[in-house]
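See below for the structure under consideration.
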Amino acid sequence: MSPRADTPGDIMPVQPKATSEEPKGIENTGFVGDPPPYSPPDPKIAHLLYPNYPANFSGNMPVYYQSGAAMPSAYPPGTYPYIINDSSRGAAPPPPPEARTKDYMVESVLVTFFCCFLTGIIAVVYSHETRTALSRGDVLQAQESSRKARSLVLFSLLFGVFISVSWIIYVVVTIFL
């Protein structure tokens with residue numbers, strides 16, 4: 001019998017290819033095999049992995065909070081993903097930002113429809129992010145998002161004006177020449 005499959009139902013055995021080629025490059029032996037399983041550091045030796053700050057450390061010390069009964073009563077219960085700046089520790093709070101931050105939502109929607117769709121959609125996203133940050137009281141994030149939305153609105157507007165003027169020049173040149 002020949003090694004060729006004569007009918008659609010016949011299965012041909014697969015022969016491995018002869019590898020006469022040498023491997024290209026250098027094999028990194030550090031990546032051979034499975035990686036070791038992950039195991040978190042033992043809490044009993046954590047102080048050895050992460051030593052305390054030196055005694056003459058002049059910077060602000062990080063404030064660690066643990067949820068539960070040990071939470072200071074000055075703050076509401078819960079965990080904080082950020083460091084709370086307490087003025088009693090000597091650090092001055094940052095200056096208050098401007099009271100009103102513009103979200104550029106109307107401008108974003110208008111340039112989306114009339115100028116440049118792609119950057120207009122991204123401007124709408126940043127405008128919505130500005131509104132969301134203002135509603136949760138994060139004024140600094142709102143100002144950052146507002147700045148990005150304003151930049152995208154201006155880019156979309158200038159791009160749309162450039163394309164429109166270019167198209168008008170092209171049409172005028174093709175008609176009269």
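No hydrogens, no waters, no symmetry mates; every other heavy atom, side chains included, goes into these values.
Criterion: ILVMFWY side-chain heavy atoms under 4.5 Å apart, direct or through other members. Under it, Phe176 and Ile168 are part of a common hydrophobic cluster. A chain of hydrophobic side-chain contacts below 4.5 Å, direct or via other Ile, Leu, Val, Met, Phe, Trp or Tyr residues, connects Met105 to Phe113.
Heavy-atom minimum distance, Thr174 versus Val171: OG1-O, 2.9 Å. Of all heavy-atom pairs between Gln141 and Arg136, the closest is CG-NH2, 3.8 Å. Between Leu152 and Tyr126 the shortest heavy-atom distance is CD1-CD1, 3.6 Å. What you find for Ala133 and Ala142 is that their closest heavy atoms are CB-N, 3.6 Å.
The distance from the NE2 atom of His128 to the CG atom of Asp103 is 10.5 Å, given to the nearest 0.5 Å.
A donor-acceptor contact shorter than 3.5 Å is absent between the side chain of Ser127 and the backbone of Ala149. No donor-acceptor pair closer than 3.5 Å links the side chain of Thr101 to the backbone N or O of Gln143.
In the hydrophobic clustering (ILVMFWY side chains linked at under 4.5 Å, chained through shared members), Leu154 stands by itself.
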Going by atom type alone, with no hydrogens or angles, which donor-acceptor pairs under 3.5 Å involve a side-chain atom of residues 114-125 and a protein atom two or more places apart or on another chain?
| residue | atom | partner | partner atom | Å |
| --- | --- | --- | --- | --- |
| Thr119 | OG1 | Ser156 | OG | 2.4 |

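Applying the side-chain contact (heavy atoms from CB on, under 4.5 Å) test between Val161 and each of Ile163, Leu158, Val165 identifies Val165 as the sole match.
Checked against ring pair (Phe, Tyr, Trp, His ring centres under 6.0 Å), Tyr170 has the following partners two or more places apart in sequence or in another chain: Trp167.
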